[in-house]
Amino acid sequence: MSIQLAGVLSSLCYCGSGKTFATCCEPLICGQTFAQNPQQLMRSRYSAYCHHDKNPQCYHYILQTYHSKARSEHNLADIASFAQAVHFVGLKIIDDTRLSASQVHFIASYLVGDKLELLDEVSDFELEQGHWMYSSGVLTEHPATRISRNDTCPCGSGLKFKKCQH
């Protein structure tokens, strides 16, 4: 999805904020600024997974935004492999008043071939050297849903799955 700004075509941010990518998550991914809160960091990490094919720096951003105590459990190759194997098509932030200010509940939808998968997680974030970092998360399992060729694509394009570029 794109919007027209002062004669320039700008893409909406992957995270669903309604802002352009250039004014929302891109400055975080490029290291020009830091997340001001856990939700902003979570959204930017999601956007990095979506934008990886246009900027390989995204893999580094995802790795560097793991808290140091969790970073050793991950590597660039695994992050890249996952990002290249899936196609993210949606992000929903769940408003849950039971969560602490350092937690975010979200559901990220992604395609793997003709299957729609849901990544439903309550994520924990911690401040490290003054910056928010992803530390851990608790996943809720959901069964994959097979998308048939004539189903509407879950990316929101309105096209049939077989015709959509996702």
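These numbers come from the heavy atoms of this one structure, side chains and all, not from hydrogens, waters or symmetry mates.
Counting non-hydrogen atoms of other residues, nucleotides and ligands closer than 6.0 Å to NZ of Lys92 gives a total of 12 or fewer. Counted within 6.0 Å of NZ on Lys54, heavy atoms from surrounding residues, nucleotides or ligands total more than 12; the atom is thus considered enclosed.
Proximity of a side-chain donor or acceptor of Gln103 to a complementary backbone N or O of Leu99 within less than 3.5 Å is not detected. At least one donor-acceptor pair closer than 3.5 Å links the side chain of Tyr46 to the backbone N or O of Gly90. No side-chain donor-acceptor contact under 3.5 Å links Glu117 to the backbone of Val112.
Remark: Thr23 engages Thr20 in a side chain to side chain donor-acceptor pair (under 3.5 Å) (not counting sequence neighbours). Checked against side-chain contact (heavy atoms from CB on, under 4.5 Å), Lys69 has the following partners two or more places apart in sequence or in another chain: His67, Glu126, Ser135.
Annotation: side chain of Gln64 is in contact with side chain of Arg71 (closest heavy-atom distance under 4.5 Å). Side-chain contact check for Cys13 versus Ser47: some heavy-atom pair is nearer than 4.5 Å. Residues Leu119 and Leu139 meet the side-chain proximity criterion, which asks for heavy atoms closer than 4.5 Å.
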Tell me which donor-acceptor pairs under 3.5 Å the side chains of residues 81-89 have, and how far apart each pair is, sequence neighbours excluded?
| residue | atom | partner | partner atom | Å |
| --- | --- | --- | --- | --- |
| Gln84 | NE2 | Tyr59 | OH | 3.0 |
| His87 | NE2 | His166 | O | 2.4 |

For residues 27-34, which side-chain N or O atoms pair as donor and acceptor with protein atoms under 3.5 Å away, sequence neighbours left out?
none

Acceptor/donor pairs from residues 151-160 side chains to any protein atom, 3.5 angstrom cut, sequence neighbours excluded:
| residue | atom | partner | partner atom | Å |
| --- | --- | --- | --- | --- |
| Asp151 | OD1 | Ser148 | OG | 3.2 |
| Asp151 | OD2 | Ser148 | N | 2.9 |
| Asp151 | OD2 | Ser148 | OG | 3.2 |
| Ser157 | OG | Leu159 | N | 3.1 |

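Among all heavy-atom pairs drawn from Pro38 and Ala101, the shortest one is CG-O, 3.5 Å. Closest non-hydrogen pair, Glu121 versus Ser136, comes out as OE2-O, 4.3 Å. Nearest heavy atom pair, residue Phe106 against residue Ala108, reads CD1-N, 3.8 Å.
Considering CG of Leu111 and SG of Cys164, their distance stands at 8.5 Å, rounded to 0.5 Å. Between Met133 atom CE and Leu41 atom CG the span is 7.5 Å, to the nearest 0.5 Å. Taken to the nearest 0.5 Å, the OG1 atom of Thr65 stands 12.5 Å off from the NE2 atom of His60. Of the inter-residue distances, the one linking Leu63 atom CG with Ile79 atom CD1 reads 4.5 Å to the nearest 0.5 angstrom. Cys24 SG to Lys19 NZ: the interatomic distance, rounded to the nearest 0.5 Å, is 5.5 Å. With rounding to the nearest 0.5 Å, the separation of SG in Cys50 from OH in Tyr110 is 12.5 Å.
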Yes or no on side chain to side chain contact (heavy atoms under 4.5 Å, CB included) for Arg43 and Val104, after CA distance, side-chain angles and deciding distance? CA-CA 10 Å; Arg43 287 177 176 277; Val104 178; over 6 Å; no

Can Met42 and Ile93 be said to form a side chain to side chain contact (heavy atoms under 4.5 Å, CB included), step by step? CA-CA 10 Å; Met42 187 279 310; Ile93 307 298; 2.9 Å; yes

For Asp120 and His105, what are the C-alpha separation, side-chain angles and deciding distance, and is it a side chain to side chain contact (heavy atoms under 4.5 Å, CB included)? CA-CA 7 Å; Asp120 183 344; His105 183 186; 2.7 Å; yes

Tyr66 and Arg45: side chain to side chain contact (heavy atoms under 4.5 Å, CB included), yes or no, with the steps? CA-CA 10 Å; Tyr66 277 105; Arg45 287 170 54 87; 3.5 Å; yes

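Think of Ile107 as one node in a network of Ile, Leu, Val, Met, Phe, Trp and Tyr side chains linked at under 4.5 Å; its network also takes in Ile94, Leu118.
For Phe21 and Tyr14, the distance between ring centers is under 6.0 angstrom.
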